[in-house]
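Heads up: the structure comes next, in structure tokens.
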Amino acid sequence: MSHSNRAGKDRFRTKHPALAIVAALALTPILANLPPVLADEGGYSGKQLWASEMRDYAANSLKSDEALSMVAVPLNGPGLEQSINPDTPMSPASIMKVITTYAALEILGPSHHWETKFRTDGKMVGDTLKGNLYVQFGGDPKLTLERLWTTLRELRDMGITRIDGDLILDGSYFEVDGGFPEFNDNGDNPYAPFLVEPSAYLTNLNLVHFQVRADERGTQAWSTPDLSEISIDNRVTAVAEGACPSRRNFDWTPVFQDGKKITVRVTGELPQGCRTKTYLSLLSQEQYSASLIRSLLGEMGVIVSGGNQTGTTPKDARLVMKTTSPDLVTMVRDINKWSSNVMARQLLLTIGAQNRQKSESDDRVAGIRAIYDWLEDKGINTAGMVIDNGAGLTRHGRITARQGTKILQHAWNSPYSSDLMASMPIIAMDGTMARRLRNTGMDGEGRIKTGSLANVRSIAGFTRDENNTTWAVVGMVNHNPAWNGQAVLDRLLYSLHFRPPTGTTLTQAGSGNSKTAIQ
């Protein structure tokens with residue numbers, strides 16, 4: 001932190017004593033449990049002492065000497081590298097996305113785009129397209145409902161109101177041999193958004209947005225997009241006006257019927273003027289995308305007379321229209337800010353598809369190999385590292401804290417460092433860090449990717465200390481249970497900011513002397 005920033009905080013405390021008291025009270029849980037030297041303004045932070053204090057705190061909190069692995073390295077100012085169990089392979093959870101996105105920026109380039117093309121083997125006669133409509137997917141991680149609507153609208157604007165043929169989806173862009181490693185989720189919702197698997201056929205993240213609203217008429221339920229296979233059995237009861245309840249108060253239960261039809265039954269009580277919502281993934285990517293495209297065309301008055309098929313696009317098929325994705329930088333921001341598993345996994349497949357060797361038949365494997373090659377070209381030892389799916393949604397992924405910080409050090413000097421850093425959640429401000437370290441004076445003082453799985457909590461990114469030195473930091477807690485691992489990692493960031501290990505001690509020369517001696 002600069003001297004001007006510190007002065008600003010001092011003026012704030014002087015001018016607003018009541019707010020300062022509130023802030024101090026908010027800090028109490030953190031300060032009360034800090035090791036004494038970290039809470040003491042005159043404490044010494046040496047290379048061994050800082051790490052040993054954090055190790056002792058983690059051991060007391062987690063009841064284990066091996067549950068925490070961390071490395072912190074100063075990048076642009078004074079500081080002493082710190083480490084605790086730095087070479088122990090740990091489950092990283094979602095901080096694995098930092099590696100995938102950084103690799104993509106350098107391997108694919110920040111201006112990389114994905115294209116989805118609509119082609120036909122027929123001809124336009126009057127208001128009819130006489131032939132099949134092929135959708136040639138390009139692996140787009142975020143082919144949204146809005147972009148599809150805009151693209152398909154072009155067909156209607158051409159005067160076409162009927163397609164006399166089949167809708168054929170071409171997902172040959174990705175090669176996947178035998179599917180993906182299974183993730184055994186310990187939750188009770190197999191239709192949750194974070195479990196959506198990657199696919200060349202992916203559109204709109206394969207999600208249906210369900211909503212229920214209560215008003216003077218009772219309750220109304222609807223879904224977006226409106227797919228023919230899905231209906232809602234609305235059993236939510238409208239009650240008198242009051243506080244809007246949590247989404248946890250409602251039960252959404254899909255009932256699968258013959259003919260691939262699904263009825264989603266929703267129950268609960270909803271005060272007038274309130275609404276509740278949820279997102280579910282209920283259809284395969286192929287079925288979802290075909291149904292979505294048909295639904296959008298139907299809303300525009302375009303009828304497809306044939307059925308839904310999957311297949312490859314003929315080489316002589318003519319281009320009708322296409323949609324181009326935002327650039328890779330935009331995708332990387334979505335992946336890291338909000339920890340999108342399916343987009344990260346889609347990105348790994350794209351790296352594989354773009355760098356597939358003749359002997360390779362699986363783009364996930366090819367993508368992992370390409371990232372290993374890229375890391376080793378940078379001199380990073382990948383021994384023991386397991387990338388698995390690029391998102392961290394795995395029980396098999398492994399990385400050491402030292403490997404993680406080495407990668408962050410290279411990222412700091414990369415031509416695309418600003419793109420990667422801008423994608424990471426800002427402490428106490430946005431993304432998955434929006435609610436963490438609030439009221440500690442650290443707002444905006446770091447960009448940290450977070451990770452969470454059963455028995456895993458993790459952080460990776462860049463944070464500044466009060467001397468305005470930026471640190472690369474990786475911390476992982478692997479422990480059963482790991483629920484208090486987040487508090488340990490937040491304490492690590494807090495201590496690194498306010499009491500950075502610089503190898504110096506600040507003492508007053510005497511009660512009558514205002515000079516500060518640095519020893």
Side-chain angles (χ1 to χ4, degrees), residues 92-116 137-151 174 192-209 224-225 277 279 281 285 288-289 292 323-351 353-354 367 371 389-393 411 414 416-427 429-436 446-452 458-462:
S94 285
I95 65 172
M96 185 62 77
K97 295 181 177 73
V98 175
I99 299 175
T100 305
T101 52
Y102 171 34
L105 286 168
E106 291 209 343
I107 295 173
L108 300 176
S111 61
H112 181 85
H113 293 80
W114 290 260
E115 289 187 340
T116 304
F137 291 97
D140 193 332
K142 197 177 181 183
L143 181 54
T144 62
L145 173 69
E146 294 79 10
R147 282 178 50 214
L148 276 172
W149 187 94
T150 301
T151 305
F174 287 149
F194 75 93
L195 294 173
V196 174
E197 291 194 335
S199 170
Y201 300 102
L202 184 71
T203 60
N204 205 45
L205 304 179
N206 207 54
L207 298 177
V208 179
H209 184 196
T224 307
K277 62 183 180 180
Y279 290 87
S281 177
Q285 285 88 337
Y288 177 95
S289 294
L292 174 58
T323 177
T324 302
S325 75
D327 60 23
L328 175 63
V329 171
T330 303
M331 299 292 189
V332 166
R333 187 180 188 280
D334 282 349
I335 291 170
N336 285 333
K337 286 284 187 187
W338 306 109
S339 206
S340 173
N341 290 316
V342 67
M343 290 181 68
R345 297 176 70 178
Q346 200 86 349
L347 190 55
L348 178 64
L349 292 183
T350 300
I351 294 172
Q354 292 288 311
I371 292 177
N389 61 22
L393 186 69
S414 169
Y416 313 121
S417 61
S418 60
D419 298 314
L420 181 66
M421 290 183 69
S423 76
M424 301 173 80
I426 305 173
I427 289 177
M429 295 183 73
D430 74 0
T432 56
M433 284 295 296
R435 298 182 180 277
R436 292 175 65 168
R447 293 179 175 269
I448 302 294
K449 180 74 192 76
T450 63
S452 177
S458 57
I459 56 170
F462 306 92

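All residue numbers in this chain count up from 1 along the given sequence. In this text the structure is predicted, and so the values were computed from the model without any measurement.
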Note to self: Applying side-chain hydrogen bond (donor to acceptor under 3.5 Å, both in side chains), can you list everything that pairs with Thr432, at least two apart in sequence or on another chain?
What the structure shows: Thr450
Notebook entry, point to check: At their closest point, which heavy atom of Pro225 faces which heavy atom of Asn204, and how far apart are they?
Noted result: CD-ND2, 4.0 Å
Item checked: OG on Ser340 to CG on Leu347, rounded to 0.5 Å -> 10.5 Å
Item checked: Side chain Thr150, main chain Glu146, donor-acceptor under 3.5 Å -> yes
Notebook entry, point to check: With a 4.5 Å limit on heavy-atom distance, are the side chains of Leu148 and Thr203 in contact?
Noted result: yes
Next item on the list: State, yes or no, whether a side-chain contact exists between Pro110 and Leu328 at a heavy-atom distance under 4.5 Å.
Entry: no
Note to self: Just verifying a value: how many Å separate Tyr102 OH and Ser417 OG, rounded to the nearest 0.5 Å?
What the structure shows: 8.5 Å
Notebook entry, point to check: Where is the tightest heavy-atom contact between Ile95 and Ser458, given as atom of each residue plus distance?
Noted result: CG2-OG, 3.4 Å
Check: Between Thr330 (side chain) and Pro326 (backbone), is there a donor-acceptor pair under 3.5 Å?
Finding: no
Item checked: Chi angles and distances behind the side chain to side chain contact (heavy atoms under 4.5 Å, CB included) call for Lys337, Met424 -> CA-CA 5 Å; Lys337 286 284 187 187; Met424 301 173 80; over 6 Å; no
Note to self: Give me each pair satisfying salt bridge (charged side-chain N to carboxylate O under 4.0 Å, His left out) with a member in residues 96-108, each pair once, sequence neighbours excluded.
What the structure shows: Glu106-Lys378
Next item on the list: Kindly indicate whether the side chain of Ser199, heavy atoms from C-beta on, has any atom under 4.5 Å from the side chain of Phe174.
Entry: no
Note to self: Using 0.5 Å steps for rounding, measure from the CD1 atom of Ile351 to the NE2 atom of His112.
What the structure shows: 9.5 Å
Notebook entry, point to check: Is the backbone of Met421 close enough, under 3.5 Å, to the side chain of Arg447 for a donor and an acceptor to pair up by distance?
Noted result: yes
Next item on the list: Name all residues meeting the salt bridge (charged side-chain N to carboxylate O under 4.0 Å, His left out) criterion together with Asp327; count only those two or more places apart in sequence or in a different chain, and write none if there are none.
Entry: none
Check: Looking only at heavy atoms, what is the nearest atom pair of Ile371 and Thr100, with distance?
Finding: CD1-CA, 4.5 Å
Check: If you measure only the distance, is there a donor-acceptor pair under 3.5 Å linking the side chains of Asn206 and Tyr201?
Finding: no
Item checked: Heavy-atom closest pair, residues Asn389 and Gly392 -> OD1-N, 3.3 Å
Checklist line | Heavy-atom pair with the smallest gap, counting every atom of Thr350 and Gly139 | finding: OG1-O, 4.0 Å
Next item on the list: Tell me yes or no: between the side chains of Thr324 and Trp114, is some donor less than 3.5 Å from an acceptor?
Entry: no
Item checked: Residues, nucleotides or ligands: over 12 heavy atoms within 6.0 Å of Arg333 CZ -> no
Next item on the list: Please identify each residue that fulfils salt bridge (charged side-chain N to carboxylate O under 4.0 Å, His left out) with Glu197, with sequence neighbours left out.
Entry: none
Next item on the list: With sequence neighbours excluded, tell me which residues meet salt bridge (charged side-chain N to carboxylate O under 4.0 Å, His left out) with Asp334.
Entry: Lys142
Next item on the list: State, with a plain yes or no, whether a side-chain heavy atom of Ile448 is found less than 4.5 Å away from one of Ile426.
Entry: no
Check: With a 4.5 Å limit on heavy-atom distance, are the side chains of Thr224 and Val208 in contact?
Finding: no
Check: Taking it one step at a time, do Asn341 and Val196 satisfy side chain to side chain contact (heavy atoms under 4.5 Å, CB included)?
Finding: CA-CA 8 Å; Asn341 290 316; Val196 174; over 6 Å; no
Next item on the list: Could you go through the side chain to side chain contact (heavy atoms under 4.5 Å, CB included) check for Ile459 and Arg436 one step at a time?
Entry: CA-CA 12 Å; Ile459 56 170; Arg436 292 175 65 168; 3.9 Å; yes
Margin query: Are Ser325 and Arg147 packed together at the side-chain level, in the sense that at least one heavy-atom pair is separated by less than 4.5 angstrom?
Written below: yes
Checklist line | Trace of the side chain to side chain contact (heavy atoms under 4.5 Å, CB included) decision for Val332 with Asp419 | finding: CA-CA 8 Å; Val332 166; Asp419 298 314; over 6 Å; no
Check: When rounded to the nearest 0.5 angstrom, what distance separates CD1 in Ile335 from OG in Ser423?
Finding: 8.5 Å
Margin query: With heavy-atom distances below 4.5 Å as the criterion, would you say the side chains of Ser339 and Lys449 are in contact?
Written below: yes
Next item on the list: Please round to the nearest 0.5 Å and tell me the distance separating atom CG of Leu202 and atom OG of Ser289.
Entry: 6.5 Å
Next item on the list: Mind listing the closest non-hydrogen atom pair of Pro141 and Met331 along with its distance?
Entry: CD-CE, 4.1 Å
Notebook entry, point to check: Looking at side-chain heavy atoms only, is the closest gap between Met96 and Ile99 below 4.5 Å?
Noted result: yes
Next item on the list: Could you tell me the separation between the OG1 atom of Thr101 and the CG atom of Leu108, rounded to the nearest 0.5 Å?
Entry: 11.5 Å
Check: With Thr116, which residues qualify under side-chain contact (heavy atoms from CB on, under 4.5 Å), at least two apart?
Finding: Phe118, Val135, Phe137, Asp140, Leu143, Thr323
Margin query: I'd like to know if the side chain of His209 and the backbone of Leu207 have a donor-acceptor N/O pair within less than 3.5 Å.
Written below: no
